[in-house]
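Notes follow the structure.
Worth saying up front: this structure is predicted, and the values here are computed from it rather than measured.
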Amino acid sequence: MNRVFNKLRSLDAYPKINEDFYSRTFAGGIVTVVSAAVMLFLFLSELKLYLYTVTESKLLVDTSRGETLHINFDVTFPAVRCSMLSLDTRDISGEQHFDIRHNITKKRIDANGNVVEVKKEGLGAPKIERPLQKHGGRLEHDEKYCGSCFGAEESDDQCCNSCEEVRDAYKKKGWGLTNSDLIDQCKREGYVQKVKDEEGEGCNIHGSLELSKVAGNFHFATGKSFLHSAIFLADLLALQDNHFNISHTVHKLSFGDHYPGLVNPLDGVKWVQGPNRGIYQYFIKVVPTIYTDIRGRVTKSNQYSVTEHFMSSEQQGAIPGVFFVYDISPIKVTFKEEHISFLHFLTNICAIIGGIFTIAGIVDASIYYGQRTIKRKREIGKYR
């Protein structure tokens with residue numbers, strides 16, 4: 001057993017020296033203090049790097065199918081009434097949605113930017129159908145308008161083309177008009193008055209859209225709902241004021257949820273229309289992105305780049321508006337937060353301690369032997 005212990009003792013790479021042979025110096029103490037400070041500084045730096053999260057990115061082909069594209073927006077039109085504005089979408093698959101109202105909030109704002117009214121029931125111009133004819137159908141382009149008096153006609157050829165004419169017909173019959181909301185003429189004229197009340201106002205629109213994940217566009221158009229309804233009333237035509245001024249500010253536009261480091265290029269972008277009316281277009285390239293934080297939580301979102309273009313519609317006759325035309329990139333980006341591995345951290349700590357300890361030993365030995373050499377030379381000089 002003693003033989004085994006002796007063999008192990010002979011393998012000791014750290015031979016001990018009796019303390020009687022130690023020689024402690026002032027320079028050695030300074031070197032020790034300095035090396036300890038350097039060790040502590042490098043240790044704290046390495047610990048900070050270990051605790052700091054590193055984000056690794058990868059590019060992959062996007063093989064996902066059947067997903068939807070979530071769009072968040074907040075846009076202000078300072079010269080367009082809320083009732084004259086409609087939001088429509090269209091994609092390359094042929095799917096279309098007109099005058100979208102779901103998950104949309106609009107704010108009427110005055111000339112100073114103050115909020116006049118907030119409505120959550122939706123966005124878009126009032127839905128006004130073609131005037132109801134006396135025979136029960138809707139007014140066609142080749143017909144003359146003759147509105148129904150709703151049973152109060154005095155003759156077969158009598159027409160009631162306004163809400164007031166219907167009221168007069170009821171009065172002559174001695175009837176009471178209890179619910180004017182059911183009268184077609186009163187409904188249409190009420191909508192017209194509502195739009196007139198918003199004269200000189202602007203509109204802030206914010207909300208979200210859930211669309212198929214294919215190329216397409218969503219756009220804000222001025223007065224489009226009125227034109228689609230085929231109303232020929234002079235009052236409605238006169239309401240198309242402001243020269244279709246589509247000046248706007250994009251407060252926010254994002255495709256998906258926010259994640260750390262996400263930058264949306266259109267946030268805060270402002271555009272002011274010049275003398276010509278037309279269509280302002282944003283061409284957007286959407287890049288699918290997956291972000292995984294240090295706790296493993298996954299956020300599916302999108303980044304995007306954008307270019308802008310204004311197209312005059314003076315000669316084309318197109319309805320002025322703001323178009324956001326987007327295309328989906330086939331490449332997906334993944335971000336993943338990670339820590340430096342503990343083994344890597346431990347290796348660096350050992351390298352710091354061992355390296356500084358070795359260098360400090362070399363420096364201390366050099367100083368010590370240098371001092372001894374100078375001392376010996378002085379002693380030899382005295383004896384001479």
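- For the pair F73 and L87, the minimum side-chain heavy-atom distance is below 4.5 Å.
- Atom-to-atom distance recorded for E210:CD and T68:OG1 is 4.0 Å, nearest 0.5 angstrom.
- Under the 3.5 Å distance criterion, the side-chain polar atoms of S148 are matched with a main-chain donor or acceptor of F150.
- From Y170, atom OH reaches atom CD of E165 across 14.0 Å, with rounding to the nearest 0.5 Å.
- Taking the six-membered ring for Trp and thresholds of 30 and 60 degrees, F342 and F345 have ring planes inclined between 30 and 60 degrees apart.
- Hydrophobic clustering (side-chain heavy atoms under 4.5 Å, transitive across Ile, Leu, Val, Met, Phe, Trp, Tyr) keeps V272 apart from V269.
- Minimum heavy-atom separation, P288 to D62: CG-OD2, 3.4 Å.
- For the atom pair CD1 (I100) and CG (L211), the distance works out to 6.5 Å, reported to the nearest 0.5 Å.
- N72 and S254 form a side-chain donor-acceptor contact under 3.5 Å, judged by distance and modelled atom types alone.
- Hydrophobic cluster membership differs between I290 and Y259, with clusters built from Ile, Leu, Val, Met, Phe, Trp and Tyr side chains linked at under 4.5 angstrom.
- Between I246 and Y280, the shortest heavy-atom contact is CD1-N, 3.9 Å.
- Tracing side-chain contacts under 4.5 Å through hydrophobic residues (I, L, V, M, F, W, Y), one reaches F43 starting from L51; they form part of the same cluster.
- Minimum heavy-atom separation, V75 to H248: CG1-CB, 4.2 Å.
- Ion pair K213/E67 flagged as a salt bridge, since at least one NZ, NE, NH1 or NH2 atom sits closer than 4.0 Å to an Asp/Glu carboxylate oxygen.
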Inset, instruction - May I have the step-by-step check of side chain to side chain contact (heavy atoms under 4.5 Å, CB included) for S312 and R277, ending in yes or no? - result: CA-CA 6 Å; S312 176; R277 70 174 189 174; over 6 Å; no

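- Listed by chain and number, the residues in a salt bridge (Lys or Arg N to Asp or Glu O under 4.0 Å) with D293 are R297 (sequence neighbours excluded).
- Under a 3.5 Å cut-off, the side chain of S329 and the backbone N or O of I331 do form a donor-acceptor pair.
- Side-chain atoms of D267 come within 3.5 Å of backbone N or O of L253 as a donor-acceptor pair.
- Cys pair C159 and C149 fails the test of SG atoms under 2.5 Å apart.
- Under the 4.5 Å side-chain contact rule for hydrophobic residues, I30 and F41 share a cluster.
- Heavy-atom contacts from other residues, nucleotides or ligands closer than 6.0 Å to CZ of F310 number more than 12.
- Taking 4.5 Å as the limit, every side-chain heavy atom of I284 sits out of range of all side-chain heavy atoms of V325.
- Checking side-chain atoms of N264 against main-chain N and O of L266 turns up no donor-acceptor pair under 3.5 Å.
- Side chains of C160 and E153 form no contact here, defined as non-hydrogen atoms less than 4.5 Å apart.
- Considering all non-hydrogen atoms of both residues, V80 and N245 come closest at CG2-O, 3.1 Å.
- At least one side-chain heavy atom of F324 sits under 4.5 Å from a side-chain heavy atom of V250.
- Contact check on R81 versus E201 returns no salt bridge, with no Lys/Arg side-chain nitrogen under 4.0 Å from an Asp/Glu carboxylate oxygen.
- The residue from H258, K300, E337 that alone fulfils the side-chain contact (heavy atoms from CB on, under 4.5 Å) condition with Y291 is E337.
- Using bins of under 30°, 30° to 60° and over 60° for the plane-to-plane angle, the ring pair Y326/F218 lands in the tilted bin.
- Taking a cutoff of 4.0 Å between a charged side-chain nitrogen and a carboxylate oxygen, K173 and D168 do not qualify as a salt bridge.
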Inset, instruction - Please report the C-alpha distance between N204 and D74 in whole Å, then the side-chain angles of each, then the deciding distance to 0.1 Å, and finally whether the side chain to side chain contact (heavy atoms under 4.5 Å, CB included) criterion is met. - result: CA-CA 7 Å; N204 170 262; D74 185 354; 2.9 Å; yes

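- Formation of a donor-acceptor pair under 3.5 Å by the T289 side chain with backbone atoms of V287 is found in this model.
- Between Q303 and V333, some side-chain heavy-atom pair lies under the 4.5 Å cut-off.
- The distance from the CD1 atom of I340 to the CD atom of E338 is 10.5 Å, given to the nearest 0.5 Å.
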Inset, instruction - Test L85 against F77 for side chain to side chain contact (heavy atoms under 4.5 Å, CB included), laying out the working first. - result: CA-CA 9 Å; L85 201 62; F77 293 85; 3.7 Å; yes

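- Between I352 and E46, the closest side-chain pair of non-hydrogen atoms falls below 4.5 Å.
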Inset, instruction - Go through D257 and S301 one step at a time and tell me if the side-chain hydrogen bond (donor to acceptor under 3.5 Å, both in side chains) criterion holds. - result: CA-CA 5 Å; D257 299 329; S301 186; over 6 Å; no

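- Closest approach of S86 to D88, counting heavy atoms only: OG-OD2, 3.8 Å.
- I71 and L262 sit in two unconnected hydrophobic clusters of ILVMFWY residues. Membership requires side-chain heavy atoms under 4.5 Å apart, directly or through other members.
- Between K285 and I328, the shortest heavy-atom distance links the atoms NZ-O, 4.4 Å.
- The distance from atom OG of S208 to atom NE2 of H70, rounded to the nearest 0.5 Å, is 4.5 Å.
- Here the side chains of E154 and K172 are in contact, with some heavy-atom distance below 4.5 Å.
- Residue N348 holds its CG atom at 12.0 Å from CG of L47, rounded to the nearest 0.5 Å.
- No donor-acceptor distance shorter than 3.5 angstrom exists from the side chain of T55 to the backbone of F335, with no hydrogens or angles considered.
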